[in-house]
J.: 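Provided herewith is a single structure, encoded as structure tokens, for subsequent inquiry.
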Protein chains: 2
Amino acid sequence: MAASTEIVSLDQLIASSLSGHDLREFNRIHYGRTHHHAIEIVSTVQRFADDNGFEIAAYDFPANQEETRNPRLVKVGVIQHSIAAPTDKPIVVQREAIFDKIRKLIDAAGEAGVNVLCLQEAWSMPFAFCTREKQPWCEFAESANDGSSTQFLKELALKYNMVIVSPILERDEIHGETIWNTAVVINEFGKVIGKHRKNHIPRVGDFNESTYYFEGNTGHPVFETKYGRIAINICYGRHHPQNWLMFGINGAEMVFNPSATVAGLSEHLWCVEARNAAIANSYFTFAINRVGTEHFPNEFTSGDGKPAHKEFGHFYGSSYATAPDGARTPGLSRVRDGLLIAQIDLNMCRQIKDKWGFTMTQRLDLYADSLSKAVKHDYKPQIIRNN
Amino acid sequence: MAASTEIVSLDQLIASSLSGHDLREFNRIHYGRTHHHAIEIVSTVQRFADDNGFEIAAYDFPANQEETRNPRLVKVGVIQHSIAAPTDKPIVVQREAIFDKIRKLIDAAGEAGVNVLCLQEAWSMPFAFCTREKQPWCEFAESANDGSSTQFLKELALKYNMVIVSPILERDEIHGETIWNTAVVINEFGKVIGKHRKNHIPRVGDFNESTYYFEGNTGHPVFETKYGRIAINICYGRHHPQNWLMFGINGAEMVFNPSATVAGLSEHLWCVEARNAAIANSYFTFAINRVGTEHFPNEFTSGDGKPAHKEFGHFYGSSYATAPDGARTPGLSRVRDGLLIAQIDLNMCRQIKDKWGFTMTQRLDLYADSLSKAVKHDYKPQIIRNN
């Protein structure tokens with residue numbers, strides 16, 4: 001499907017088709033507030049984005065004033081982007097081309113005052129797992145601590161006093177040279193404070209990721225940073241509410257979902273899952289998807305009976321943020337690179353827990369017990385029969 | 001808010017504001033398919049609905065043909081309705097007035113060939129828990145086995161060869177005369193095959209339900225009926241993904257979410273949660289909400305600093321169905337009584353499990369272990385600190 005026939009975003013379509021009372025009611029009923037609380041972008045930053053061909057959008061999520069706590073305002077940024085060089089170029093060339101693009105987007109984020117930034121899944125490479133070829137794609141894997149991507153981002157984190165979450169293909173040199181799908185957390189001093197590995201690995205359509213790496217073995221870490229407690233639910237983990245739940249239990253206030261997913265497969269789920277997680281766990285979520293269509297040198301099949309082909313489907317972007325109260329931003333473009341900024345007050349997390357009571361009424365003891373029974377091989381499901 | 005100022009439904013608004021390619025793309029991206037597969041209602045049934053002032057809508061969810069299993073087609077109906085008599089009338093009068101209304105809706109469902117039907121939460125009474133008054137409202141509580149509501153529905157179940165799920169306020173005569181929020185399952189022979197009690201009880205806004213009844217003690221039963229395996233996640237339980245999960249683990253193919261919830265509190269969550277559950281668990285879900293505004297004899301406050309008042313907010317209806325593949329129907333009206341019918345093929349559940357692999361990749365052993373640790377009082381959350 002050519003990008004030119006693609007709708008840029010459902011949110012733009014709605015905003016251009018509805019007006020007045022109807023648009024306010026649509027926004028209230030669908031998004032949780034009558035208007036989107038857009039924040040104006042400083043003109044120099046906007047011009048820089050325009051000149052470099054990417055979208056930039058910012059929205060505010062104010063919380064209530066409290067008597068005993070000060071507001072905890074954080075500017076969170078997420079970046080979606082297409083690859084920047086053909087996939088038959090040398091790996092170093094492909095990576096450097098993406099670095100050049102990302103540097104501009106992070107410059108814009110830095111100028112806009114972003115405190116915490118997250119990139120998309122496997123941001124420094126094409127999403128080549130559709131091919132099932134081990135070479136050359138495995139060569140994109142890098143050390144979490146000092147690989148090229150980490151080195152590149154450390155400088156920018158330090159320059160902009162920014163925490164950066166960097167989802168990469170990781171090579172674990174000291175554990176059998178294994179490959180993992182990993183998010184590296186770099187603090188505002190440019191130091192790697194830890195990493196998290198993708199817990200749930202897909203085997204669907206072109207997402208042959210289990211061919212390359214295993215289910216993550218890092219649990220559900222929450223990273224306590226200068227700007228609040230963050231966690232990362234990588235891509236396919238968004239389909240698993242228990243994954244989101246454990247990050248909440250461990251105290252996350254912001255959970256990123258760096259993804260790579262395509263139209264036809266998942267797009268109608270996209271607006272549902274990360275938003276549901278924000279609601280169920282009273283934290284902020286950020287759904288991030290790459291954009292564009294990636295072409296590969298050799299043909300591959302997709303397990304759908306159709307002829308071999310050389311291109312992955314359309315990565316539909318549409319990155320968005322959701323607050324603990326269920327309100328969400330419009331999505332970024334379905335077809336362009338973009339930077340989405342959400343100005344949030346972390347106090348909203350506890351305020352919503354107090355209001356809605358979802359953590360109080362969770363009955364985790366019941367589920368700890370039920371799940372422990374359910375995983376046994378001789379488990380008898382609780383079925384009531386018709387007699 | 002007067003009903004006259006309410007938008008009838010977001011889906012109608014979209015369908016009347018978009019057209020052609022834009023409407024098809026909206027439907028595809030948002031709902032999972034380019035058109036809604038509406039099924040025409042037999043003219044006599046449609047006329048009966050029109051004459052009696054309720055909406056009726058039907059949609060098809062076909063599955064793929066299989067070589068080794070026949071299709072398992074089921075017509076599922078859900079009913080949303082307002083109360084039918086003022087709340088200061090005698091209880092028996094209020095209940096009979098609702099019975100008279102519901103009889104017509106079930107007649108329409110029967111004529112339309114519905115196999116499994118579910119009513120809204122506490123369908124045979126006003127949602128009086130906003131008042132915090134024990135009398136006269138506790139008198140609405142009835143025996144699950146042979147209370148008025150069960151007696152009334154048994155006849156209709158038998159008449160139409162229909163399984164009926166009846167969510168009522170239950171009085172448990174043999175366990176301390178306690179009150180519960182319960183769904184009774186009546187089979188096609190008019191026999192009660194079991195019941196399920198609401199697992200998660202709200203304490204928010206006008207939903208003072210913990211004043212009246214406790215968290216359910218019936219686990220997560222799945223009822224194996226002639227028409228497939230059903231379960232019931234009552235109202236506030238939809239905010240808890242673990243509740244949905246356990247019904248899936250126990251084998252549910254259709255899960256009903258009979259609810260009573262109001263605009264301003266939950267409406268922007270409504271389209272998210274039951275749909276997310278269908279996706280995460282590869283089963284069909286049916287979200288059912290009452291309609292109308294209920295006025296009570298004595299004033300009450302809502303814990304929001306506002307003056308005492310006599311009316312509950314606007315119950316916004318909008319009942320809808322979601323398939324395991326994430327496609328969903330438009331919602332019923334936000335302001336009128338209605339019957340929604342979904343013709344489904346239960347084979348889709350396993351087809352989607354095979355396609356998306358969410359049950360295969362669930363890692364329940366990980367979560368059984370993590371939750372068992374998390375509920376301990378000396379649990380140390382997995383937090384990685386900034387040094």
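This one's a predicted model, so the numbers in the text were calculated from it and none came from an experiment.
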J.: Please examine the side chains of B:Ile14 and A:Phe26, heavy atoms only from C-beta on, and report whether any two atoms are closer than 4.5 Å.
T.: yes

J.: Counting only heavy atoms closer than 4.5 Å, note whether A:Ile383 contacts chain B via side chain, backbone, both or neither.
T.: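 For A:Ile383, the contact with chain B is made by backbone and side chain together.
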
J.: With only heavy atoms counted, which part of B:Leu364 is less than 4.5 Å from chain A, the side chain, the backbone, both or neither?
T.: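 Both parts, backbone and side chain.
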
J.: Identify whether the distance between the nearest side-chain nitrogen and carboxylate oxygen of B:Arg334 and B:Glu267 falls below 4.0 Å.
T.: yes

J.: Would you say that B:Pro241 contacts A:Asn276 through its side chain, given a criterion of any heavy-atom pair below 4.5 Å between the two side chains?
T.: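 Result yes, sub-4.5 Å side-chain heavy-atom pair found.
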
J.: B:Leu366, B:Val185, B:Ile29, B:Asn281: which one forms the most heavy-atom pairs within less than 4.5 Å of chain A?
T.: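 It is B:Ile29.
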
J.: In the structure I gave you, are the side-chain heavy atoms of A:Val165 and A:Val184 within less than 4.5 Å of one another anywhere?
T.: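 A side-chain contact under 4.5 Å is absent here.
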
J.: When you check the gap from the basic side-chain N to the acidic O, do A:Lys198 and A:Glu209 get nearer than 4.0 Å?
T.: yes

J.: Relative to chain A, which of B:Leu18, B:Leu269, B:Val204 shows the most heavy atom pairs under 4.5 Å?
T.: B:Leu269

J.: What part of B:Tyr379 is in contact with chain A, defined as an atom under 4.5 angstrom from a non-hydrogen atom: side chain, backbone, both or neither?
T.: side chain

J.: Do B:Met360 and A:Arg203 have side-chain heavy atoms sitting under 4.5 Å apart?
T.: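 Yes, side chains in contact.
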
J.: With a 4.5 angstrom heavy-atom cut-off, is it the side chain or the backbone of B:Phe207 that approaches chain A, or both, or neither?
T.: neither

J.: Report the option among B:Tyr236, B:Phe223, B:Tyr316 that has the most heavy-atom pairs separated by less than 4.5 Å from atoms of chain A.
T.: B:Tyr236

J.: Pick from A:Asn199, A:Asp365, A:Val163: which one has the most heavy-atom pairs with chain B under 4.5 Å?
T.: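 Among A:Asn199, A:Asp365, A:Val163, the one with the most close pairs to chain B is A:Asn199.
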
J.: Would a 4.5 Å heavy-atom cut-off, applied to side chains only, mark A:Leu245 and B:Gln242 as touching?
T.: yes

J.: Within a strict 4.5 Å, meaning less than it, do heavy atoms of the A:His239 and B:Trp356 side chains meet?
T.: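 With C-beta onward as the side chain, the pair stays apart.
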
J.: Taking the side chain as every heavy atom from C-beta outward, state whether B:His200 and B:Glu215 have any pair of such atoms under 4.5 Å apart.
T.: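 In short, these two side chains do not touch, never coming nearer than 4.5 Å.
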
J.: Among B:Ala277, B:Ser318, B:Gly216, who wins on heavy-atom pairs under 4.5 Å with chain A?
T.: B:Gly216

J.: Hey, do the aromatic rings of A:Tyr283 and A:Phe247 have their centres closer than 6.0 Å?
T.: no

J.: For B:Asn243, which atoms come within 4.5 Å of any heavy atom of chain A: side chain, backbone, both, or neither?
T.: both

J.: Based on non-hydrogen pairs under 4.5 Å, which of B:Thr225, B:Asn250, B:Leu13, B:Leu371 is most in contact with chain A?
T.: B:Asn250

J.: So for B:Ala327, is it side chain, backbone, both, or neither that comes closer than 4.5 Å to the heavy atoms of chain A?
T.: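 When you check distances to chain A, only backbone atoms of B:Ala327 fall under 4.5 Å.
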
J.: Working to the nearest 0.5 angstrom, can you tell me the gap between B:Ser370 OG and A:Ile249 CD1?
T.: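 B:Ser370 atom OG to A:Ile249 atom CD1 measures 8.0 Å (nearest 0.5 Å).
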
J.: With chain A, which of B:Lys226, B:Arg33, B:His220, B:Glu188 has the greatest number of heavy-atom pairs at distances under 4.5 Å?
T.: B:His220

J.: For A:Thr218, is it the side chain, the backbone, both, or neither that has a heavy atom closer than 4.5 Å to a heavy atom of chain B?
T.: backbone

J.: So what's closer than 4.5 Å to chain A heavy atoms on B:Val222: side chain, backbone, both or neither?
T.: both

J.: Which atoms of B:Thr359 come close to chain A, meaning under 4.5 Å heavy atom to heavy atom: side chain ones, backbone ones, both, or neither?
T.: neither

J.: Is B:Asp325 in contact with chain A via its backbone, its side chain, both, or neither, using a 4.5 Å heavy-atom distance?
T.: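 For B:Asp325, backbone heavy atoms alone lie under 4.5 Å from chain A.
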
